[in-house]
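Please read all numbers here as calculations on a predicted model, not as lab measurements.
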Amino acid sequence: MSIFLLLGFVVVLILFLNRNIFLNRIRSDSFLVKKLSSATWFKSPWKSGLFLFVLNTVLFSVSLLLIIGVGYLQIPFIHLFVMAAAVLVSFYLWNIVYKCWEGTSKGRLMQGFIGSGFYLILTINFIYMIVTMDPEMPEEDSFMGFIGFSMGGFVTLVAYIACFFTTGFTAKK
């Protein structure tokens, strides 16, 4: 499982380093870009950051529900395709938010920090769960719980960094 975790990190790194490819594929006349660019509330870094926060919450929730749902299908490794699709959709939507922002660089950083805060909260929650983890019964081994919480913390930390840097910093032209 750690190989898949490492592979996912490498894919996210490659996507981030080649994010200009995503930006070039997003047309300025697309429906979502037009709607967000013309919205007056999107010009505020606080409100657009809150929009990104809610967007990340919805993306994470839908991905989690799909992973739980495909878990009932008893088809091995199908959850990996759901996670890969979630990463691609997330990057695409983060780049749309990036492309629509017309404010200052400071506002972009604030928007990125607020929007990616959802993943930071999840990372802190996983760290807290690791630190306060106790076995339910004396004979129970909590090592597998530690592994699960560690993987969850790593995934949410990578998502936080990817979202913050994708939406918060200016891409190379």
Novice: Between the main-chain N or O of Tyr98 and the side-chain N or O of Arg108, is there a donor-acceptor pair closer than 3.5 Å?
Specialist: yes
Novice: I need the Phe31 CZ to Leu36 CG distance, nearest 0.5 Å.
Specialist: 9.5 Å
Novice: Quick check against the 3.5 Å criterion: does Lys43 have a side-chain atom that pairs as donor or acceptor with the backbone of Ser37?
Specialist: yes
Novice: Got a list of side-chain donor-acceptor pairs under 3.5 Å for residues 157-169, not counting sequence neighbours?
Specialist:
residue, atom, partner, partner atom, Å
Thr166, OG1, Ala162, O, 2.6
Thr167, OG1, Cys163, O, 2.7

Novice: Same cluster for Leu32 and Leu59 if Ile/Leu/Val/Met/Phe/Trp/Tyr side chains link at under 4.5 Å?
Specialist: yes
Novice: Taking Met151 as the starting point, is it possible to reach Met129 by hopping between hydrophobic residues whose side chains are less than 4.5 Å apart?
Specialist: yes
Novice: Hey, what do you get for CD1 (Ile67) to CD1 (Ile78), rounding to the nearest 0.5 Å?
Specialist: 11.5 Å
Novice: Would you indicate whether the side-chain heavy atoms of Lys47 and Phe51 approach each other to under 4.5 Å?
Specialist: no
Novice: Check each of Phe126, Phe9, Phe149 against Phe154 using the side-chain contact (heavy atoms from CB on, under 4.5 Å) test, and report the only one that passes.
Specialist: Phe9
Novice: Are Phe77 and Leu66 in one and the same hydrophobic cluster, where Ile, Leu, Val, Met, Phe, Trp and Tyr link if side-chain heavy atoms are under 4.5 Å apart?
Specialist: yes
Novice: Under 4.5 Å between side-chain heavy atoms, counting indirect links through other Ile/Leu/Val/Met/Phe/Trp/Tyr residues: same cluster for Ile75 and Val70 or not?
Specialist: yes
Novice: Same cluster or not: are Trp94 and Val89 linked, directly or through other Ile, Leu, Val, Met, Phe, Trp or Tyr residues, by side-chain heavy atoms under 4.5 angstrom apart?
Specialist: yes
Novice: Might you point out which heavy atoms bring Trp101 and Gly107 nearest each other, and give the distance in Å?
Specialist: CZ2-C, 3.8 Å
Novice: Can you measure from CG (Leu122) to CG (Asn56) and round to the nearest 0.5 angstrom?
Specialist: 10.0 Å
Novice: Taking the side chain as C-beta and beyond, is there a heavy-atom pair between Ile121 and Ile124 under 4.5 Å?
Specialist: no
Novice: Taking only residues at least two apart or on different chains, which pairs with a member in residues 110-125 satisfy side-chain hydrogen bond (donor to acceptor under 3.5 Å, both in side chains)?
Specialist: Ser48-Gln111, Thr123-Thr156
Novice: Please report the closest heavy-atom contact between Leu15 and Phe91, naming both atoms and the distance.
Specialist: CD1-CD1, 3.7 Å
Novice: Distance check, rounded to the nearest 0.5 Å: Ile130 atom CD1 versus Ser150 atom OG?
Specialist: 3.5 Å
Novice: For Trp41, is the CH2 atom crowded, meaning more than 12 foreign heavy atoms sit under 6.0 Å from it?
Specialist: yes
Novice: Would you find a donor on one side and an acceptor on the other, under 3.5 Å apart, between the side chain of Ser142 and the backbone of Gly145?
Specialist: no
Novice: Between Leu50 and Ile114, which heavy-atom pair has the shortest distance, and what is it?
Specialist: N-CG2, 3.8 Å
Novice: Please examine the side chains of Phe143 and Ile147, heavy atoms only from C-beta on, and report whether any two atoms are closer than 4.5 Å.
Specialist: yes
Novice: If you look only at pairs with a residue in residues 57-76, which of them pass as a side-chain hydrogen bond (donor to acceptor under 3.5 Å, both in side chains), with sequence neighbours excluded?
Specialist: none
Novice: Output the distance between atom CG (Leu52) and atom CZ (Phe118), rounded to the nearest 0.5 Å.
Specialist: 11.5 Å
